Amino acid sequence: EVQLVESGGGLVQAGGSLRLSCAASGFTFDDYAIGWFRQAPGKEREGVSCHSSSDGSIYYGDSVKGRFTISSDKAKTTVYLQMNSLKTEDTAVYYCAAGAPGLCTVGLWVTYGIDYWGGGALVTVSS
């Protein structure tokens, strides 16, 4: 059974940091790009970041570049999202996702390419 389980969400003040984790199981870690989407209230789900182990590709959405860092631990089949300098507009439910490796690039890390989704982790940034 495929599982993507997020952890690490919570409440933080603007300017603070959080680290999200996504524990993956039930599929071959290296065969997929794994990363993050987020959905704020009333907005569409947007791609935040992804990492593809097979070719080393990394993608960041424009709104998080320079503030968020994605990394992975192959031995633990876990992907992390370090979020620094958080802003109130980063408030959203963050979803871990897995898709084909070729999707981990500008314009392709979108919802309709995703094969597997996690249940989501709420991140709330207060002012």
Side-chain angles (χ1 to χ4, degrees):
E1 180 190 4
V2 171
Q3 284 193 314
L4 295 171
V5 181
E6 302 96 336
S7 60
L11 174 65
V12 64
Q13 284 193 325
S17 298
L18 278 176
R19 189 178 80 156
L20 299 179
S21 300
C22 171
S25 61
F27 61 93
T28 303
F29 193 73
D30 284 349
D31 287 350
Y32 288 84
I34 301 176
W36 301 89
F37 286 75
R38 68 184 181 186
Q39 188 164 20
K43 294 191 177 181
E44 292 187 353
R45 197 170 293 191
E46 65 167 341
V48 174
S49 180
C50 59
H51 174 251
S52 173
S53 296
S54 61
D55 62 8
S57 298
I58 292 179
Y59 162 78
Y60 295 104
D62 287 342
S63 60
V64 305
K65 272 182 191 172
R67 300 188 298 123
F68 290 12
T69 303
I70 193 168
S71 61
S72 68
D73 185 330
K74 206 167 155 179
K76 296 182 179 179
T77 60
T78 298
V79 175
Y80 304 96
L81 186 69
Q82 178 67 43
M83 305 184 293
N84 297 330
S85 303
L86 282 161
K87 306 175 181 180
T88 54
E89 52 263 44
D90 293 319
T91 294
V93 178
Y94 284 71
Y95 296 92
C96 185
L103 299 179
C104 189
T105 188
V106 175
L108 295 183
W109 189 242
V110 293
T111 55
Y112 56 78
I114 298 303
D115 294 313
Y116 306 115
W117 291 98
L122 177 62
V123 171
T124 304
V125 184
S126 64
S127 58

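Keep in mind the model is a prediction, meaning the values are calculated, not measured. All values below come from the heavy atoms of this structure, side chains included, with hydrogens, waters and symmetry mates left out.
Side-chain atoms of H51 and S71, non-hydrogen and from C-beta on, never get closer than 4.5 Å to each other. Contact annotation: the side chain of F68 never approaches that of L20 to less than 4.5 Å [non-hydrogen atoms, C-beta and beyond]. Counting heavy atoms from C-beta on, the side chains of Y59 and I70 never come closer than 4.5 Å.
Under a hydrophobic clustering in which Ile, Leu, Val, Met, Phe, Trp and Tyr are joined whenever their side-chain heavy atoms come within less than 4.5 Å, directly or via other members, L81 and F29 fall into the same cluster. One hydrophobic cluster, built from ILVMFWY side chains closer than 4.5 Å, holds both M83 and V12. No single ILVMFWY cluster, assembled from side-chain heavy atoms under 4.5 Å apart, contains both L103 and V79. Under the 4.5 Å side-chain contact rule for hydrophobic residues, I58 and W109 do not share a cluster. V93 and V48 are assigned to two separate hydrophobic clusters, defined by single-linkage of ILVMFWY side chains at heavy-atom distances under 4.5 Å.
Under the side chain to side chain donor-acceptor pair (under 3.5 Å) criterion, Q3 pairs with no residue, sequence neighbours left out. Applying the side chain to side chain contact (heavy atoms under 4.5 Å, CB included) test to S7 and every residue at least two apart in sequence or in another chain returns S21. In this structure S49 satisfies the side chain to side chain donor-acceptor pair (under 3.5 Å) test with no other residue, sequence neighbours excluded. Residues satisfying the side chain to side chain donor-acceptor pair (under 3.5 Å) criterion with T88, sequence neighbours excluded, are absent altogether. T105 meets the side chain to side chain donor-acceptor pair (under 3.5 Å) test with no other residue; sequence neighbours excluded.
Counting only residues at least two apart or in different chains, disulfide (SG to SG under 2.5 Å) contacts with residues 45-102 comprise C22-C96, C50-C104. Among residue pairs with one or both ends in residues 51-88, none qualify as disulfide (SG to SG under 2.5 Å); sequence neighbours excluded. Listed by first and then second residue, the salt bridge (charged side-chain N to carboxylate O under 4.0 Å, His left out) pairs that reach into residues 98-117 come to none, sequence neighbours excluded. For the salt bridge (charged side-chain N to carboxylate O under 4.0 Å, His left out) condition, the pairs that include at least one residue of residues 70-80, sequence neighbours left out, are D30-K74. Counting only residues at least two apart or on different chains, no side chain to side chain donor-acceptor pair (under 3.5 Å) pair has a member in residues 118-127.
Nearest heavy atoms, I114 versus A97: CG2-CB, 3.7 Å. When all heavy atoms are compared, the tightest approach of A24 to L4 is CB-CD2, 3.6 Å. Heavy-atom minimum distance, S17 versus S85: OG-N, 4.4 Å.
Cluster partners of Y80: none. The rule joins Ile, Leu, Val, Met, Phe, Trp and Tyr whenever side-chain heavy atoms lie under 4.5 Å apart, and it links nothing here.
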Result block: side-chain N/O donor-acceptor pairs under 3.5 angstrom for residues 31-40, not counting sequence neighbours:
unit_1 : atom_1 : unit_2 : atom_2 : d
R38    : NE     : E46    : OE2    : 2.7
R38    : NH1    : D90    : OD1    : 2.9
R38    : NH1    : Y94    : OH     : 2.9
R38    : NH2    : E46    : OE2    : 3.2
R38    : NH2    : S63    : OG     : 3.1
Q39    : OE1    : R45    : NE     : 3.2
Q39    : OE1    : R45    : NH2    : 3.3
Q39    : NE2    : K43    : O      : 3.1

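Not a single donor-acceptor pair under 3.5 Å links the side chain of E1 to the backbone N or O of G26.
Here CD of Q13 is found 11.5 Å from CG of L86. Values are rounded to the nearest 0.5 Å.
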